[in-house]
Amino acid sequence: MPCSTSIVGLLDPASHILDNLRRLNPELTANEAHAALARFAFSNRAALQIAGTLSGGERLRAGIGLRVCQTAAAVLCYWTSRPIISISLRSRNWKTALKGFDGALIVISHDQAFLQAIGIEREIVLG
């Protein structure tokens, strides 16, 4: 199963993004949860969107946000075959959140600017 599928699978499609985050991280206060989601361009009312109504790119961004915010996460896997712009990144903050992820990142991407922005230090080039 692709890593992005398991990330998106964190979302309960009937709940809003904020509830999904608080379900996985019950220790977060409402303000902390809103601040965490804002790093992934889900601020204010955007955090109250029902997960099942999100576009594919928004679902992926929300899933990555939930995974990065999970304190127990040790490895985050992310794959994109297109430049990262394709998943509606509107904020540098979520690149900062990935860069600050306290675990291993496995990223498959052709987007060199994105890889540099999140601080990838080691590269394996195939083919």
Side-chain angles (χ1 to χ4, degrees):
M1 172 174 9
C3 295
S4 62
T5 303
S6 62
I7 289 171
V8 171
L10 290 172
L11 294 166
D12 172 2
S15 298
H16 54 68
I17 302 166
L18 182 64
D19 278 348
N20 275 286
L21 178 62
R22 304 252 352 245
R23 173 178 48 85
L24 295 170
N25 300 278
E27 74 285 352
L28 293 179
T29 67
N31 286 339
E32 290 169 335
H34 273 285
L37 290 173
R39 291 193 309 251
F40 293 87
F42 291 110
S43 52
N44 302 320
R45 283 191 244 174
L48 300 178
Q49 293 177 80
I50 300 297
T53 66
L54 300 173
S55 71
E58 289 172 325
R59 248 181 277 135
L60 182 56
R61 184 165 33 99
I64 291 171
L66 295 183
R67 176 59 77 194
V68 168
C69 292
Q70 268 189 300
T71 55
V75 177
L76 175 64
C77 206
Y78 181 76
W79 171 81
T80 178
S81 61
R82 291 171 276 172
I84 205 68
I85 297 296
S86 68
I87 65 167
S88 305
L89 286 181
R90 289 177 256 140
S91 170
R92 288 180 186 243
N93 291 336
W94 101 250
K95 288 180 185 177
T96 302
L98 285 177
K99 188 174 183 174
F101 178 64
D102 192 24
L105 282 174
I106 300 172
V107 181
I108 302 167
S109 178
H110 294 102
D111 190 338
Q112 290 298 315
F114 171 69
L115 294 172
Q116 287 179 341
I118 63 172
I120 296 298
E121 296 173 0
R122 204 171 337 164
E123 221 179 286
I124 299 173
V125 179
L126 302 175

Please answer whether the main-chain N or O of F40 pairs with a side-chain N or O of R61 as donor and acceptor at a distance below 3.5 Å.
yes

Under 3.5 Å: donor-acceptor pair, side chain of N25, backbone of E27:
no

Using the side chain to side chain contact (heavy atoms under 4.5 Å, CB included) criterion, which residues pair with E123? Sequence neighbours excluded.
Q112, V125

Which atom pairs, donor and acceptor, lie under 3.5 Å between side-chain atoms of residues 44-54 and protein residues at least two apart or in another chain?
unit_1: Q49; atom_1: NE2; unit_2: A46; atom_2: O; d: 3.0
unit_1: T53; atom_1: OG1; unit_2: I50; atom_2: O; d: 2.7

Among all residues two or more places apart in sequence or in another chain, which pass the side chain to side chain donor-acceptor pair (under 3.5 Å) test with H16?
D19

On a heavy-atom basis, which atom in I17 and which in A62 lie closest, and how many Å separate them?
CG2-CB, 4.3 Å

The criterion is side chain to side chain donor-acceptor pair (under 3.5 Å); which residues satisfy it with S43, sequence neighbours excluded?
none

Working to the nearest 0.5 angstrom, can you tell me the gap between N20 CG and L11 CG?
5.0 Å

With sequence neighbours left out, the residues meeting side chain to side chain contact (heavy atoms under 4.5 Å, CB included) with A36 are L21, R39, C69

